[in-house]
A.B. asks: 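Supplied in C-alpha cells, the structure appears directly below.
The analysis underlying the following values was restricted to heavy atoms, covering all of them including side chains, and did not include hydrogens, waters or symmetry mates. Below, read A as the first sequence line, B as the second, and so on, with proteins coming before strands; counting in each chain starts at 1. Only a predicted model underlies this, so the values are computations on that prediction, with no experimental measurement involved.
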Amino acid sequence: MVVGNESTTFQQFTLAPGLDLHVAPTPKFKRTRVSLFVHDRLDPDRVALGALLPYVQKRGTRSHPTGKALERAAGELYDAQLSGGVYKFGDRQTIAYSLDIVSDRYVDEPVFQKGIQLLREMVLEPARENGGFVAAYVDQEKRFQIGRVKALVNDKIRYANFRCIEEMFKGQPFAQYELGTEEAIQQATPSKLWEHHQELLATRPIDIYVVGDVDPHKVRDEIAEAFVTSRGDVLALEPTEVSLGEGPERTVIQEEPMNQGWLVLGLRTDIRRSDPLRYGLQFFNGILGGFVHSKLFINVREKASLAYSAFSSYNANKGVILAYAGIDVNKYEQALEIIKKQIEDTRAGRFSDEEFEATLKGFETQYRMRLDTPDGRIYHHLGGQLEGCPESIDESLAKVSQVTRDDVVEAAQHVRLDMVYFLKGVSDR
Amino acid sequence: MLNPTIKSYPSLGQEVEQARLDNGLKVVLLKKPGFEKKYITFSTHYGGMDSVFIRPGETEPTTMPDGIAHFLEHKLFEEPDGTNVLDLYSKMGASPNAYTGQYYTVYLCSLVEEFRPAMDLLLDYVQRPYFTDENVAKEQGIIEQEIQMGLDNPQRAAYYNLIEGLFHRHPARIRVIGSVESIRQITKEMLYLCYDTFYHPSNMVVTVAGDVSFNEVLDIVTADMSQRSYTKRGPIVRPIPEEPDHVLEAVVENRMKVSRPYLLVGFKGRLDRRAGESSREYHRRLIAAELALHSVLGKSTQTYWDLYERGVIASRYGYHLSVFDGAAYFYVAAESEDADAFAGEITQALIDARDKGIDPELFEESRKREIGQLLTAFDDPDWLVNLYVTHLFQDLDIFERRELLDEVTVDEGQEFLKAFVRENQRTISRVVPV
C-alpha cells in the first residue's frame, strides 16, 4: 500500500530463528538508521542486568577497547551516532542499539559499511577480560546506573509518572523502574553480565530495522553477515498482562520540596494492543487529553487557568492511560474534580462531533508524519511487533478512519480509574 | 517587486527559494521532496532580550517588564470572538505551537493536509492581536505555573543563575520567561506597544519546509498581505549597555532537592562582528569557536573520559555557545559527583588548549562531526527552519556553513579560546542537594 509515492511497509527478511530484519528503503533521508532490538521478559531478576548491558557495551569493543577509541572512530565517520538504551514496552524489556550515520552519497567515503562494523562490535564483540566484561567498566557503569536511579526524583514529571505506575501495579513486573533497583544493580558482576549478554543474543527474539537510502537486498546481505550468530531455542514471550484491576480508586499523596504539584490519574483497561477496541480506546485518550483541543487542555488549562501542562497519554502495550496536570498545590481539589469530570464526560459520550473529527484528523496527521522520521517508522512497527500485531502506517491509518463514536463509548466502558497520585510540592525554605 | 530566487546546494542536497515583498517581509521555501509534513513558521526578530528598545522614529528608549515577548506569544493564540487558534488548527488536524528565544519568536504549524487554510490562519492570527484586561489576567495564571515548573527544574534553575552571574547588565542575563513579579506588571497597553514595534513585516520572515511549490507559498502570502496596510518603517534600535569584561559573580549556588550536584561552568567574552568584516568572515569565526569547543570538550577527548571514569561527569554532560551583539558566553554542564573537580579540570583543559594549542587531529574530527550534524539537521524540517531563522536574525547564512566548515582553521579556534578563557570571565553555577 502506498501513501504519497512511497511504500509504508517494511520489507521483511528472517535471517535466523527469531531474528527478523525490516527494511524501509527511502531516498528522502540524508542519513541511514540501523536499530537492533533484543526483547526479554520484564523479570525482576533480569531487568537490572539487561538495562546495565548497553552502558557497558558503549565503553569499548574488541578493536576499539576504550570509550574514547570508540567515540573517535564514530567521530571520523562524520559524527556517526552509536547508542544503546533500554525500554519498557508492556511486560517486556527491550534493549535497543542503534547506528545513525550519514549516507555515503554526501561524503566521499563508504561510511555505511564502517558504521555497521562499529555497531556489530558494540553489540556482539564488546571489550572483554578474563572471560567476562572489563571489570573497571562494569564497576563504573554500575555506580552511574545507581546514580541514574537515584536521579529519577530530580525530574518531577517522570518521577510522578513512575510513582503512579509503581502504585498501580504494586507487586507486578510492570511496576518496576526500567533500570532496575539499586540492590539489583549492585549485584551485577562482569561474569554474570557476560552470561546475560550471551543468553540474550542466543535465545531472545531480535528485530533489526534499517531506514534510509539503501538497496534492501544488499543491506540484507550486509546485516546478515554482520549480525547472524549461532542461535539456540528462541524463547516465546508471553503476551503482556492487561487487566482492569478492581476495587475503588486509591489515593496516594507524596510530599517533595518543590514549587509545583503534579497530579496524575491512572486509568486501567482490559483492552490489549491486539484488541479491535484498541483504536476506540486511543480515541478516548485523544478526546480526553491527547491534543490541544482535548478536554483536559481546554478545561484545566484554558478555562480554569489551573495548569500550564494538562494532558493524557495512552500506553497501548499495557492498556493504561495516565492523565497529568502540573498545578498549584492549593488547587488540588479543584483540579481533581475537573479532571474526573472530563473522564466521565468522555466515557458517557459527551463530546461533540467537532471534538471527534479533530481527534481523527490529529491521529491521521501524527501517523503520516511518522513517515518523515526513521524513529517514527521504526517504533510504529515495533510497538505492535512486540505483541504479535505489527501494522504498517497505512494499516493504522485505515483503522483510525473506521473508528466511530460508538467505538469510543464502548471502549470507555472498559476504563477504570485506579489511582489518584499527587506529588505535592512543599516549601523547604 | 518580488524577485524570487532559487538556490541549490548539492553538497547539502537542499534547494532554497526566497523572495522579499514590498512591505519588507521575507518569504522562504526549504524544499523537502517526499516529506508528508509541511512545517510552516512565521517569525519575528523579537525575543526575551528585547526589554529595552527605541521605536522607529523615536529617540528615547522604552523599557518593558522581563518576559513580555514570551507573554505576547501566548496571547496571540486568542481570537476576538472567544475562539482559540488551537481549536481552529485542531479541526484541520494540524498542530500549532510557538516558542520564544532570546532574540526570536517563532509561530509554527505542522500539518499534512490543508496546507493553504493552515497557512492562511497562521498569517492571519499572528497579525491580529487581541488583548483585554481579562485575557491578560488569565494568562498570568498560566505563565506563573510555567515559571514554577521551570524553577523546579535543576537545569533551568542553574542556567538562570549562570546568566545572572556572568552578566552585569547586558540583556543576555534576562530570563526569556520573566519572573512571577515581572509578568504581573504586564498590561494590555504594553502588549499592544510591543506588538506594534516588533510585528512589522520588515522585522519578520515566513518559512515553509515541505514538498510544496514556491508559487503556491508566494500566492498565499501575497494574497494575505494585499489586504493589510503597513507603512514603511525605519529600523528598531536595540541599545546595548556596555558590559564589563569581568563577571558579576564567580560562584552562584542554589539548594534544591536533587540527588547529586548539577553545575554549569560558564565563560563570557565578546564575539562581535568587526567593523568592515563580511557576514561570511564573521560566520567562519563563529564556526571556529564551535569547533574549538568540540576539540577541547567533546566526547573524543581524554579530558571527557578521565572525568567520566571518575564519576566527575555523571550525566547530562554538554556544552553550548551563545553569541549576541555585545556579549557572548559558553558553558559546560554536568551532573557531577565532585563539583569542584569538574569546574577545576574543565577549566584546566581549556587553559591548556588556549596556551599550548588545540589538538589538530581532534579539530579535524570535529570538522567531520559538524558536517555530519549539519546533514542531520537537513533531515529534520523543524530543526532546519530553526537554524535558518536564528541565523537569518543574526545576519548569517546557514547554507554557507558547509563550505565554511571546510575553510575554518585551528588557529581561528584558538583565538576564540584566548579571548574567553580567563579567570575573571568565569562563573560557576551550582545546584546542590538540600
Side-chain angles (χ1 to χ4, degrees), chain A residues 3-6 26-31 66-68 71-72 75-80 100 102 106-107 136 140 143-144 147-148 150-151 153-154 156 256-260 291-293 297 301-302 305-309 326-328 354 357-358 360-362 364-365 368-369 371-373 425 428, chain B residues 11-13 32-37 84 86-87 89-96 110-113 138 141-143 145-146 148-149 151-154 256-260 298-302 304-305 308-309 311 314-315 335 337 365-366 368-373 375-376 378-381 434:
Chain A
V3 163
N5 328 312
E6 208 172 73
T26 168
K28 76 184 187 190
F29 299 124
K30 296 179 172 60
R31 295 180 72 97
T66 63
K68 184 185 162 195
E71 274 295 333
R72 288 281 281 124
E76 290 294 339
L77 299 178
Y78 294 86
D79 201 41
D100 190 56
V102 65
Y106 293 97
V107 288
Q140 286 158 13
R143 188 153 63 95
F144 302 153
R148 283 184 205 103
K150 288 183 173 164
V153 68
N154 301 356
K156 302 308 173 199
E256 285 289 328
M258 55 196 257
N259 293 303
Q260 248 195 338
F291 299 95
V292 292
H293 65 262
F297 191 86
R301 170 170 158 149
E302 295 295 311
S305 203
L306 286 178
Y308 171 72
S309 292
I327 57 171
D328 184 310
E354 286 76 21
E357 286 301 319
L360 169 61
K361 285 204 169 166
E364 286 175 344
T365 305
R368 288 180 61 181
M369 284 187 188
L371 289 167
D372 290 345
T373 66
D428 63 317
Chain B
S11 64
L12 295 167
K32 298 272 40 147
F35 274 66
E36 297 285 322
K37 170 155 108 171
N84 190 304
L86 303 178
D87 298 334
Y89 272 123
S90 281
K91 292 192 176 112
M92 303 175 198
S95 332
S110 312
L111 58 120
V112 171
E113 282 175 349
K138 188 198 89 174
I142 293 172
I143 295 179
Q145 286 309 309
E146 194 182 354
Q148 300 294 9
M149 192 165 84
L151 295 177
D152 278 338
N153 177 315
M256 288 176 81
K257 175 80 189 267
V258 290
S259 58
R260 57 191 172 200
K299 290 193 178 175
S300 288
T301 62
Q302 196 59 45
Y304 171 81
W305 286 99
Y308 181 85
E309 288 180 5
S315 70
E335 238 174 67
E337 292 172 6
E365 189 203 303
S366 303
K368 283 186 155 184
R369 280 190 186 266
E370 275 299 308
I371 292 169
Q373 281 248 348
L375 288 160
T376 307
F378 279 78
D379 272 351
D380 179 346
V434 283

A.B. asks: Is B:Pro33 close to chain A through its backbone or its side chain, or both, or neither, when contacts mean heavy atoms under 4.5 Å?
C.D. replies: backbone
A.B. asks: Can you say whether A:Ala151 sits under 4.5 Å from chain B via the side chain, the backbone, both, or neither, judging by heavy atoms?
C.D. replies: both
A.B. asks: Have a look at A:Gln260 and tell me which of B:Glu146, B:Gln148, B:Gln145 forms a side-chain hydrogen bond (donor to acceptor under 3.5 Å, both in side chains) with it.
C.D. replies: B:Gln145
A.B. asks: Does a salt bridge link A:Glu71 with B:Arg369, judged by any charged N lying under 4.0 Å from a carboxylate O?
C.D. replies: yes
A.B. asks: Measure A:Ser309 against the heavy atoms of chain B and call it side chain, backbone, both or neither at under 4.5 Å.
C.D. replies: side chain
A.B. asks: With a 4.5 Å cut-off on side-chain heavy atoms, are A:Phe297 and B:Leu86 touching?
C.D. replies: yes
A.B. asks: Just checking, A:Lys68 and B:Tyr304: is the charged tip under 6.0 Å from the six-membered ring centre and within 45° of the axis?
C.D. replies: no
A.B. asks: For B:Thr376, is it the side chain, the backbone, both or neither that has a heavy atom under 4.5 Å from a heavy atom of chain A?
C.D. replies: both
A.B. asks: Say you draw a straight line from NZ of A:Lys156 to CG of B:Asn153; how long is it, rounded to the nearest 0.5 Å?
C.D. replies: 9.5 Å
A.B. asks: Any ion pair linking B:Lys91 and A:Glu357 (charged N to carboxylate O, less than 4.0 Å)?
C.D. replies: no
A.B. asks: Strictly distance-based, threshold 3.5 Å: is any side-chain N or O of B:Lys37 a donor or acceptor partner for the main-chain N or O of A:Asp372?
C.D. replies: no
A.B. asks: Can you tell which part of A:Leu77 gets under 4.5 Å to a heavy atom of chain B, answering side chain, backbone, both or neither?
C.D. replies: neither
A.B. asks: Picking from B:Glu337, B:Arg260, B:Glu309, B:Lys299, which has the most non-hydrogen pairs under 4.5 angstrom with chain A?
C.D. replies: B:Glu309
A.B. asks: How long is the gap from OG on B:Ser95 to NE2 on A:His293, to the nearest 0.5 Å?
C.D. replies: 10.5 Å
A.B. asks: Verify, without hydrogens or angle tests, whether A:Arg143 (side chain) and B:Ala314 (backbone) share a donor-acceptor contact under 3.5 angstrom.
C.D. replies: no
A.B. asks: Measure across B:Phe378 and A:Lys30 and return the closest heavy-atom pair with its distance rounded to 0.1 Å.
C.D. replies: CB-CD, 3.8 Å
A.B. asks: What part of A:Leu360 gets within 4.5 angstrom of chain B, counting heavy atoms only: side chain, backbone, both, or neither?
C.D. replies: neither
A.B. asks: Verify, without hydrogens or angle tests, whether B:Asp379 (side chain) and A:Arg31 (backbone) share a donor-acceptor contact under 3.5 angstrom.
C.D. replies: yes
A.B. asks: Please give me the minimum heavy-atom distance between B:Ser259 and A:Gly147, naming the atom from each residue.
C.D. replies: OG-O, 4.5 Å
A.B. asks: Any donor and acceptor pair, going by atom type alone, linking the side chain of B:Ser90 with main-chain N or O of A:Ala358 inside 3.5 Å?
C.D. replies: no
A.B. asks: Between atom CG of B:Leu111 and atom CZ of A:Arg368, what is the distance when rounded to the nearest 0.5 Å?
C.D. replies: 10.0 Å
A.B. asks: Does any backbone or side-chain atom of B:Ser366 lie under 4.5 Å from a heavy atom of chain A? Answer side chain, backbone, both or neither.
C.D. replies: neither
A.B. asks: Would you indicate whether the side-chain heavy atoms of A:Met258 and B:Lys257 approach each other to under 4.5 Å?
C.D. replies: no
A.B. asks: At what distance, to the nearest 0.5 angstrom, does CZ of A:Phe29 lie from CG of B:Leu375?
C.D. replies: 14.0 Å
A.B. asks: Looking at B:Glu335, B:Lys32, B:Glu113, B:Met149, which makes the most heavy-atom pairs under 4.5 Å with chain A?
C.D. replies: B:Met149
A.B. asks: Could you state the interatomic distance from CD (B:Glu36) to OG1 (A:Thr373), rounded to the nearest 0.5 Å?
C.D. replies: 11.5 Å
A.B. asks: Output the distance between atom CE (B:Met256) and atom CG (A:Asn259), rounded to the nearest 0.5 Å.
C.D. replies: 7.5 Å
A.B. asks: Measure B:Leu12 against the heavy atoms of chain A and call it side chain, backbone, both or neither at under 4.5 Å.
C.D. replies: backbone
A.B. asks: Would you mind telling me which of A:Glu364, A:Lys150, A:Glu76 has the largest number of heavy-atom pairs within less than 4.5 Å of chain B?
C.D. replies: A:Glu76
